[in-house]
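Working notes, structure below.
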Amino acid sequence: MRFPHLRLRRLRKNNGIRRMVKENDLKTEDLIYPLFVTVGENIKNPVPSMPGVYQYSVDELLKAIEEVYKYEIPAVILFGVPGYKDSVGTSGLDPNEAVQRACKVIKEKYPDLLVITDVCLCEYTDHGHCGVVKDGEVLNDETLSRLQSVAISHVRAGADIVAPSNMMDGYVQSIRKALDERGYNETPIMAYSAKYASSFYGPFRDAAESSPSFGDRRTYQMDPANGDEAIREVYLDIEEGADIVMVKPALNYMDVIRRVKDEFNYPVAAYNVSGEYSMIKAASQNGWIDEKSVVLEMLQGFKRAGADMILTYHALDAAKWLSR
Ligand code: PBG
C-alpha cells in the first residue's frame, strides 16, 4: 500500500496515539551518576569546564547523594581525586583514600543505592597514565596485578560493581580471578570494553586531575576510526567474564552501541562523557539551545541505539525532569 491510502502521519495525530506507538522510553532507572570524590572535609570544588560538577570530600558527597537518592537514581559511579600520587598508583588501593571511604559511608547510609567504582590507575599515578610506565611505555601485564588490587580494595570497602576503564589486555579476566579468589564471586564487572582515545574526555581530566604528563592514550585506547575492533574488544571482555559492557564516548559512537547490542545481546552501558556534557552546558548557558529538551532527546537516542543504561553528568537533571 502507498500514498494516498497509506499515511504515516495517522500515528502522529495526537498525544495519545504518539504515546501508544512510542518505541523507546527513557527512565530514571536507566541513569548512572558519575561523582568525583576527594580527601579532606567541607570540600565542594566546582570544576570550571563542567558547570554543575564538583569534586566533593566524603562529607559533602553524602549531602549530594541525598538528592540522587531522593530522585531515585539507582546508581552512582565514583572517581577518585586522591591525596597523593606516585608512579604505580598506590593511593588507588589505599583503604583510607577517598573512594574507599566513600564506598563505606554511602553503603552505611544508603544500602540500596548501587555504588560502582572506576578501576584505573590514571587518577592515582603521578604521570597520569592508566598503567605502570617503564621507559616511556605503558606496560600491560605489569599493570594487571595493580588493577586487581584496586578492584579488591573497592569491593572490600563496599562497592557493588567494579568498572575497570584502563583498556589493558586481559584486564577483565585478571580482575574476575582476583575477586573470585577472595569470595567476591557475586560482584559484577562493568567493563569499559570499547573505550576510544577521544578528545571528548578533556573536561573529565580537569575534574579528575588525570591528564597524562607525556604522550597520549593511543597505545591502549581505541582509534576513533574503528568499529570492527570494538566488536573484538567486547567479545573478549565477555569471554573473560564481563557482566555489563560499555561503549565510550556515546554520542559519536551510536553505531558502535547498536552493533554491540545486536551482536551480543548483553547489557550495554553508554558513557555520555564530559565533553558531551560541557558542549550542551555551554550552548544552553548562551541561550543557543534548550538544555532540557536537548538532553532528553540525546539520552533517548542512546536508548534507541541500544543502550540499557547511561552514565551521564546530566543524570540528576534528567531525573528531576522525568519526575515531573
Ligand atoms: C579513566 C577514565 C576516563 C574517563 C572515565 N574513566 C578518562 C580517560 O580515559 O582519560 C572519561 C570520562 C569522561 O570524559 O567523562 N581512565
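One is the number of the first residue; the rest follow in order along the sequence. Each ligand, and each atom within it, is numbered from 1 in the order the structure gives.
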Could you verify whether a donor N or O on one side chain and an acceptor N or O on the other, from [X] and [Y], lie under 3.5 Å apart?
{"X": "Asp94", "Y": "Tyr124", "answer": "no"}
{"X": "Asp308", "Y": "Tyr266", "answer": "no"}
{"X": "Arg217", "Y": "Tyr220", "answer": "yes"}

With a 4.0 Å heavy-atom cut-off (strictly under), which part of [X] contacts ligand 1: side chain, backbone, both or neither?
{"X": "Asp118", "result": "side chain"}
{"X": "Tyr271", "result": "side chain"}
{"X": "Cys120", "result": "side chain"}

Worked verdict on Asp228 versus Arg259 for salt bridge (Lys or Arg N to Asp or Glu O under 4.0 Å): CA-CA 9 Å; Asp228 295 344; Arg259 285 182 68 179; 2.7 Å; yes
What protein heavy atom lies closest to [atom]? Include the residue and the distance to one decimal.
{"atom": "atom 4 (C) of ligand 1", "value": "Lys248 NZ, 2.5 Å"}
{"atom": "atom 14 (O) of ligand 1", "value": "Ser274 OG, 2.7 Å"}
{"atom": "atom 16 (N) of ligand 1", "value": "Lys195 NZ, 2.8 Å"}

Within a distance under 4.0 Å of any heavy atom of [X], pick out the atoms of ligand 1 and give their elements.
{"X": "Tyr313", "result": "12 (C), 13 (C), 15 (O)"}
{"X": "Cys122", "result": "1 (C), 16 (N)"}
{"X": "Phe79", "result": "5 (C), 6 (N)"}

Contact check, Gln221 vs ligand 1, heavy-atom distance below 4.0 Å: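 It does; at least one heavy atom falls under 4.0 Å.
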Sidechain N-carboxylate O distance under 4.0 Å for Lys27, Asp30: yes
Salt bridge flag under 4.0 Å for residues Glu233 and Lys195: no
Lys44 to Tyr54, cation-pi by 6.0 Å centre distance and 45° axis angle: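 Yes, Lys44 lies over the aromatic ring of Tyr54.
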